[in-house]
Amino acid sequence: MRGNLVVGGTLVGLVVVTALVSFVWTPLDPQAVDASVRLLGPTSDHLLGTDKFGRDVFSQLMVGAQTTLYVGIVAVGLAAAVGVPLGVLAAMGPRWLGELVMRTSDLVLAFPALLLAIMLAAVYGASTLTAMIAIGVATVPAFARVARAGTMQVLSREYTLAARAGGRSRWWIAWRHVLPNISGMVVVQSSVSFAMAVLAEAALSFLGFGTAPPTPSWGRMLQESQELLAVDVRLALVPGLAIAAVVLGFNLLGDGLRDRFDPRLEARR
Amino acid sequence: MTSTADSATGDVDAGEGPIVAVRDLERTYRGGVHALRGVSLDVPRRGKFGIVGESGSGKSTLVRLLAALDRPTTGTITFDGTRVDDRRDRDLGFLRRRLQIVFQDPMGSLDPRMRVRDIISEPLGRTRGRDERVAELLEAVDLPADAGDKHPHRFSGGQRQRISIARALAPRPDVLIADEAVSALDVLVRQQILDLLTRLVDEYALTLVFVSHDLGVVRKVCDEVAVMRRGEIVEQGPVDEVYDTPRHEYTRELIAAAPTLHGALSASPTPASTEPAQPES
Amino acid sequence: MTEHAGAAELLNVDGLSIANGDVTLVDDVSFRIAPGERVGLIGASGSGKSLTASAIMGLLPDGMSPSGSVTLRGRELLGASERDLSRLRGKDLGMVFQEPMTALNPAMRIGRQVAETLTIHGTSRRRAADRARELLDRVGLPERTAGAYPHELSGGQRQRVLLTIALANDPSLLICDEPTTALDVTVQAQVLDLIAEGVRDRGSALLFITHDLAVIASVCERVLVCRDGRIVEEGPVADVLSAPAHDYTRRLLEAAL
């Protein structure tokens, strides 16, 4: 479906642009507290109003996009950097190694990511970094599995046999045949995992184990809005919708990419 | 069709005797599947050696063992006087240069992400004059010179098999194994690829090991044949002898089952008769 | 129904063309099959031979549009409603495909799949189960086959099951699309025998599609040679194969074994 790709790409693109713009410009200082303008509704000065400290919600939202993307990129990057080599190794290495990797990833999968994050936060203090690491570690098995399955598929093709018969080493086969041919799957997995990472970061910040104040984060915006739900739903709605949009965007993008990669590869085999 | 026998005239580089010698080869897979049970054969130097068998006969396993892509459970394989069955991958360099394979699947045997140039030069390693060699090989298999820049999906099944052949010839091997190399092709394309293969084998004085389920094709190409069933060689000898006076019952059965034009036309004024086609005489 | 077709005709394909967008894949193909006649359709892959069979069955892939006329006993099949077609398929038209695994339901026991073909077209449930076992026995499958799932059978056995299903309702036309290409030679010979026997016993006509001349020669009476979506030559098998008129047929013959 082209539609998935377009809608997903647009949503993700919007967030990326917002985050990039926020580095150089925001309408107001997102951290500037001003008691005189607390809990304002949308005005010309404050496009999305202000929160209980009088901070500009729109500016916070923009800078929050940075946090969201930052966490996603680092967590997914970490997961892919560890998971993909592990998965390839599990498929190409000796049988016991494959078993070990897969059983370990079962274990990690069974261990709740939130609990891991809370443990890390308890030991090292709550921060964006601990959240990223926890989310990244919890996502490693997803990549390891995808990479292992993809590698086994590639290894069943005769071109890897031909490479061996041509005197090429395992490293060469992994580098020249396996990685290029599983890259599509890894990209798709990245997109889907990105959505999950964003969600996880929001949840952690909401619980107070993620991004620490005063750095703006969508999850913490949600949390701060909690006590004011009865007063003004807007404060919960704005970060909530932003999170939903990003998650939807990455999921659609993942679906779209999957559709793009898979049929083409099938047709060309 | 193939008149010259295996006895090549005045070999300079090669020693005497068979180039590949297989003795009492067994391969048992996990779970106790006996893919090969005691196979012995000699592939004569510069001969065209056919291996015929149906699915499950063990011929694919045999190919892997011959190419040292797998290890036998017991038994030995000697390549030009050197044992290869007990060596580690890194000690098989000489075999990788001197023995090459053309695979069956014209799709699956070429990496869709690689350019044809890189596919063909893959067995070459780090050598100078790669581009010249690729151009030479493309010409040898009758592909246009600009084929090297493209990806495999741009080519037809027959052309892909030419690419596969070019790759196999790249390191100037002595032995070429064709593993069902024409089985996935249409009749007309199959004929072209067979012609190409036999031409190249003669031109470069190669030893050909031609593996197929198709008796007709083997008869066309080879001068010696081994018939396999359930991991064993039931009969082997000169092609004409095996086809015209098969000694083993299974060989007779195979020959009787293979439809041939001559047989079908001469044997059937009533084509609906349930007789299987007769072998051509 | 208009019964304008000649009395002796079973299938009449007249000016059949199939296009996919702007590309014409089958171009003005016409041929007839008489009741009980065994006709071979030969050609290389991409010659349009399988599409022709799909058009007759009403099973063309989405996006392909047929034109012309295909009549079975005078009844037009092109553009017929899916309901009418499905009533014909399995009853008047039987089909055997190249890849039997994809043509069988992997989650249903063989016996039920055969019986279902019978019940859909009016046999009572109890009789169908018995008849299914009987039919499976007729193609030489052991009794336990009825209780097996498709993946438990070999390629040759699956092809026998497909043939049983295709012939279950004594169709007037059996279409075989490369039914033995994926099989070993000895198994191929058995399946070919069963096909020939099956249509002869039932008086069914046969349209046999393959790229293998030798197979056609051993099964069919008449042959159509298909190339680039056109029929370039046709005639009795013995005539065409001993004195081919078209250059393409000659090349096919030279390449045959």
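Chain letters run A, B, ... following the sequence lines, proteins first, then strands; residues in each count from 1.
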Visitor: Ignoring hydrogens, what is the shortest heavy-atom contact between C:Glu254 and B:Gln191? Give both atom names and the distance.
Guide: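 Taking C:Glu254 first and B:Gln191 second, the nearest heavy atoms are O-OE1, 4.4 Å.
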Visitor: Does B:Glu249, at its CD atom, have more than 12 non-hydrogen atoms belonging to other residues, nucleotides or ligands within less than 6.0 Å?
Guide: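 For B:Glu249, atom CD is not crowded (no more than 12 foreign heavy atoms under 6.0 Å).
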Visitor: Report the distance from atom CD1 of B:Ile255 to atom OG1 of C:Thr186, rounding to the nearest 0.5 Å.
Guide: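 Reported value, rounded in 0.5 Å steps: 12.5 Å.
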Visitor: Under a 4.5 Å heavy-atom cutoff, which of B:His213, B:Gln192, B:Glu54 has the most pairs with chain C?
Guide: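 The candidate making the most pairs under 4.5 Å is B:Glu54.
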Visitor: Taking atom CZ as the centre, does C:Arg250 end up with more than 12 heavy-atom neighbours from other residues, nucleotides or ligands that are less than 6.0 angstrom away?
Guide: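 It does: C:Arg250 CZ has more than 12 such atoms within range.
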Visitor: Is the count of non-hydrogen atoms from other residues, nucleotides or ligands lying under 6.0 Å from B:Arg154 atom CZ greater than 12?
Guide: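 Open.
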Visitor: At their closest point, which heavy atom of B:Leu188 faces which heavy atom of C:Arg251, and how far apart are they?
Guide: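 In terms of heavy atoms, the two residues are closest at CD2-O, 3.4 Å.
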Visitor: Around atom CZ of C:Arg222, are there more than 12 heavy atoms of other residues, nucleotides or ligands at under 6.0 Å?
Guide: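 Yes, because the 6.0 Å sphere around CZ of C:Arg222 holds more than 12 heavy atoms from other groups.
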Visitor: Let me know if C:Leu192 has heavy atoms under 4.5 Å from chain B in its side chain, its backbone, both or neither.
Guide: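 Contact with chain B is absent: no heavy atom of C:Leu192 under 4.5 Å.
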Visitor: Flag the pair C:Leu213 / B:Val187 as yes when at least one side-chain heavy-atom distance between them is below 4.5 Å, and no otherwise.
Guide: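 They are not in side-chain contact.
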Visitor: Flag yes if more than 12 heavy atoms outside C:Arg131 fall under 6.0 Å of its CZ atom; otherwise flag no.
Guide: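 Atom CZ in C:Arg131 is crowded, with more than 12 foreign heavy atoms closer than 6.0 Å.
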Visitor: Which heavy atom of B:Leu215 sits nearest a heavy atom of C:Val185, and at what distance?
Guide: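 Looks like CD1-CG2, 4.2 Å.
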Visitor: Please check: side-chain N/O of C:Asp184 versus main-chain N/O of B:Ser55, any donor-acceptor pairing under 3.5 Å?
Guide: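 Checking the backbone N and O of B:Ser55 against the side chain of C:Asp184, a donor-acceptor pair under 3.5 Å is found.
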Visitor: What do you reckon, is CD of B:Glu139 surrounded by more than 12 foreign heavy atoms closer than 6.0 Å?
Guide: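 Open: at most 12 neighbouring heavy atoms sit under 6.0 Å from CD of B:Glu139.
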